[in-house]
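Single-structure report; data block below.
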Amino acid sequence: MHYAELGLLAPDQVTASGRALYGPYALRLLRDVLDLRALGVPLDEARDMVALRRATHGVDGTYRRDWTRADIPLSDEQLRIIHARLRLLNAAYARQADGLARFDRWLTKRFTGGEVEPLKVED
């Protein structure tokens, strides 16, 4: 409810009694916000990232190929901030990915005594 009050999430439907109902895409956006917050992204930047996703994706979460710059309710400066933040996150992830995979393999061998398939990262 906190994120809905801040305008980060919009219910797909509101019942006659006022209960907000959220669909799968809203839950994906919520997961994205929680992940971004866990990575240290400030709430205002997370809100802008959600606004960008909403502008470029349909209500079912599929990418809209017909979006235009006019669809995006963010200034060029806000987009530059998002871009800079995403570059920092991607660089940090790239620096850590190999080491984390090696550590995961070591722990798996240490505690199971066997080989393990590489860890797969979800989108």
Side-chain angles (χ1 to χ4, degrees):
M1 289 182 59
H2 175 67
Y3 290 138
E5 290 171 2
L6 294 174
L8 283 163
L9 296 174
D12 293 336
Q13 190 177 11
V14 178
T15 65
S17 63
R19 184 177 187 144
L21 303 176
Y22 296 91
Y25 184 57
L27 295 177
R28 177 178 177 186
L29 291 175
L30 175 61
R31 186 189 71 204
D32 289 348
V33 169
L34 295 174
D35 288 345
L36 290 167
R37 296 294 292 142
L39 291 169
V41 174
L43 195 54
D44 59 332
E45 289 179 31
R47 182 177 45 242
D48 291 347
M49 289 180 192
V50 168
L52 180 59
R53 184 179 293 271
R54 280 189 187 145
T56 58
H57 290 71
V59 293
D60 62 351
T62 57
Y63 180 72
R64 284 186 33 227
R65 297 195 184 279
D66 64 339
W67 68 269
T68 66
R69 176 63 177 96
D71 295 326
I72 299 173
L74 303 171
S75 69
D76 286 347
E77 181 60 24
Q78 288 170 301
L79 291 173
R80 276 192 278 283
I81 290 169
I82 289 172
H83 186 235
R85 175 68 66 179
L86 291 175
R87 289 179 65 115
L88 286 172
L89 290 173
N90 279 322
Y93 178 77
R95 284 191 306 271
Q96 296 300 319
D98 186 52
L100 290 170
R102 275 187 276 127
F103 190 52
D104 179 61
R105 286 190 302 272
W106 181 84
L107 284 171
T108 300
K109 286 180 186 177
R110 171 78 171 92
F111 292 108
T112 65
E115 290 292 321
V116 65
E117 292 185 32
L119 183 63
K120 295 179 183 173
V121 179
E122 292 184 30
D123 290 339

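Computed from a predicted model, the values in this text were never measured in an experiment.
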Checklist entry - According to the salt bridge (Lys or Arg N to Asp or Glu O under 4.0 Å) rule, which pairs have a member within residues 85-100, sequence neighbours left out? => result E45-R85, D98-R102
Item to check | Shared hydrophobic cluster, M49 / L39 (ILVMFWY, side-chain heavy atoms < 4.5 Å) | outcome: yes
Next on the checklist: Membership question, hydrophobic clusters at under 4.5 Å side-chain separation (ILVMFWY): are Y25 and L34 in the same one?
Outcome noted: yes
Checklist entry - Does the side-chain contact (heavy atoms from CB on, under 4.5 Å) test come out yes or no for V41 and L89, once each step is laid out? => result CA-CA 9 Å; V41 174; L89 290 173; 3.9 Å; yes
Nearest 0.5 Å please: distance from the [atom1] atom of [X] over to the [atom2] atom of [Y].
X    : Y    : atom1 : atom2 : result
R105 : L100 : CZ    : CG    : 10.5 Å
I81  : D76  : CD1   : CG    : 11.5 Å
K109 : L107 : NZ    : CG    : 11.5 Å

Checklist entry - Can you name the closest pair of heavy atoms from A26 and A10 and give their distance? => result CB-O, 4.3 Å
So do the side chains of [X] and [Y] get within less than 4.5 Å of each other, counting heavy atoms only?
X    : Y   : value
F103 : Q96 : no
L29  : R54 : yes
L74  : I82 : yes
D71  : T56 : no
V50  : L36 : no
R31  : L27 : no

Item to check | All side-chain hydrogen bond (donor to acceptor under 3.5 Å, both in side chains) counterparts of E5, not counting sequence neighbours | outcome: none
Backbone N/O of [Y] and side chain of [X]: donor-acceptor pair under 3.5 Å:
X    : Y    : result
T112 : T108 : yes
D12  : G23  : yes
N90  : L86  : yes
R69  : I72  : yes

Checklist entry - Are there more than 12 heavy atoms of other residues, nucleotides or ligands under 6.0 Å from atom CZ of R19? => result no
Item to check | Trace of the side-chain contact (heavy atoms from CB on, under 4.5 Å) decision for L79 with L52 | outcome: CA-CA 9 Å; L79 291 173; L52 180 59; 4.1 Å; yes
